[in-house]
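The figures here come from the full heavy-atom set of this structure, side chains too, leaving out hydrogens, waters and symmetry mates. Below, chain A is the first sequence line, B the second, and so on; all start at residue 1.
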Protein chains: 2
Amino acid sequence: MDELDSAIVRHLQRDARQTNRDLARALGIAPSTCLERIRALRARGVITGYHAAVDPAALNRHVQALIHFQIRPLSRAVIEAFKTYAAGLPEVSTVYVVTGGDDMIVHVSAPSVDHLHGFLMDKFTARREVVGFRTSVIYQHTHNQVLEPLAP
Amino acid sequence: MDELDSAIVRHLQRDARQTNRDLARALGIAPSTCLERIRALRARGVITGYHAAVDPAALNRHVQALIHFQIRPLSRAVIEAFKTYAAGLPEVSTVYVVTGGDDMIVHVSAPSVDHLHGFLMDKFTARREVVGFRTSVIYQHTHNQVLEPLAP
DNA sequence: TGATCGACCGAATGTAATTCGGCAGCGGCG
DNA sequence: CGCCGCTGCCGAATTACATTCGGTCGATCA
């Protein structure tokens, strides 16, 4: 994980579809070298995949929210089951299992506030392990695509 | 945005680096058709980019957390300034501006709990607009890479 | 029914990914 | 001190792919 690897990772986080040649040219190395580095990064698990980013609104998801759940009992089995359940719902994009006042935070997106409300009522209120939840509608969000390695 | 477009988006969310030929073959269409569809999806803003996903641990980010902020005064200028400030910090990956008990939720990752603590103390406690914040350490998180279009 | 338009196809061309033999630098070891 | 083996890099050759473009088909509408 030297400076060259960092640069490759940085570039591919920004644009995963630039050609290997262009990337190699930008870094001042041979395409074959670049290719081998990228393969090593994948093999080592540094790069885990390549994904297209999609505008949620184009997928009829105009409302996003973070839902904060309190779950009881707080056993491994219950947490695991709820996590799996939530992650399987199409409205859910991310499930966080967390410390603090809440036990689970779920990022959801829905076509409308109505849909969101119905979704929450239908999918969560009936579940026994859910003792309560709060909804934080997302007004804006900025996502930092490029993660740099941090110094220890 | 017909079924074919949806399928293309689904495939590219899963793997943005599969060749156009493979994708076309999987969908049973000609590569040229596939290419034109993808271009249209980009032009329409459905697909906004292609990004490599990176293991945070490989970038020395072993601890992740969601930080819940209360901000005052709740003016547009203050919110905007804080959002910009937070998004510019290397530890921050996402900033959510939200409704509810909190005004802003920030996803951060750091090398260690110590680093996280120092980071929070150094970067946020001194700021006037921050009247309080709570930290939720993330134990696990599952990210759903593939967003499907939702029916209205 | 005939014209027009849009979407798709497939061959042709240019460009890129990938392979592989060789070379240079480096560290270990006699 | 010199030799040996290893590792990472390079560049030409091969293979595969992206991209273009002229033609075809089917739907739509007058």
Indicate yes or no: at least one non-hydrogen side-chain atom of B/M1 is less than 4.5 angstrom from one of B/V9. yes

Contact list please: residues 25-34 of chain A against DNA chain D, heavy atoms, distance less than 4.0 Å, in numerical order. A/I29, A/A30, A/S32, A/T33

From CE (B/M104) to CD1 (B/I67), nearest 0.5 Å: 13.0 Å

So is B/R127 actually on top of B/Y85's ring, under 6.0 Å and inside 45° of the axis? yes

Distance in angstrom units between B/R21 CZ and D/dT20 P, rounded: 15 Å

Below 4.5 Å, heavy atoms only, C-beta onward: do B/V98 and A/V137 meet side chain to side chain? no

How many Å lie between OH on B/Y50 and P on D/dA18, as a whole number? 12 Å

For the side chain of A/R37, starting at C-beta, report the closest nucleotide among D/dT19, D/dC9, C/dA17. D/dC9

Just wondering, do B/V130 and B/I71 contact through their side chains at under 4.5 Å, heavy atoms? yes

Minimum side-chain heavy-atom gap B/S109-B/E91 below 4.5 Å: no

Length of the CD-P vector between B/Q18 and D/dC17, whole Å: 12 Å

Between A/R10 and A/D5, is there a salt bridge with N-O shorter than 4.0 Å? no

Salt bridge check, A/R72 against A/E129: does any charged N sit closer than 4.0 Å to a carboxylate O? no

Considering only heavy side-chain atoms of A/N20, the closest of C/dA17, D/dT19, D/dC17 is C/dA17

A/E36 atom CD is separated from C/dC20 atom C1', nearest whole Å, by 11 Å

For A/Y139 together with B/Y96, are the ring centres under 6.0 Å from each other? no

Presence of salt bridge, A/R44 and B/D55, under 4.0 angstrom: no

For DNA chain D, what residues of residues 2-13 of chain A have any heavy atom nearer than 4.0 Å? none

Please report, rounded to the nearest Å, how far the C1' atom of D/dA13 is from the CG atom of A/L35. 15 Å

Expected list for residues 38-49 of chain A near DNA chain D, using heavy atoms below 4.0 Å, is none

Between A/H141 and B/H107, is the ring centroid distance below 6.0 Å? no

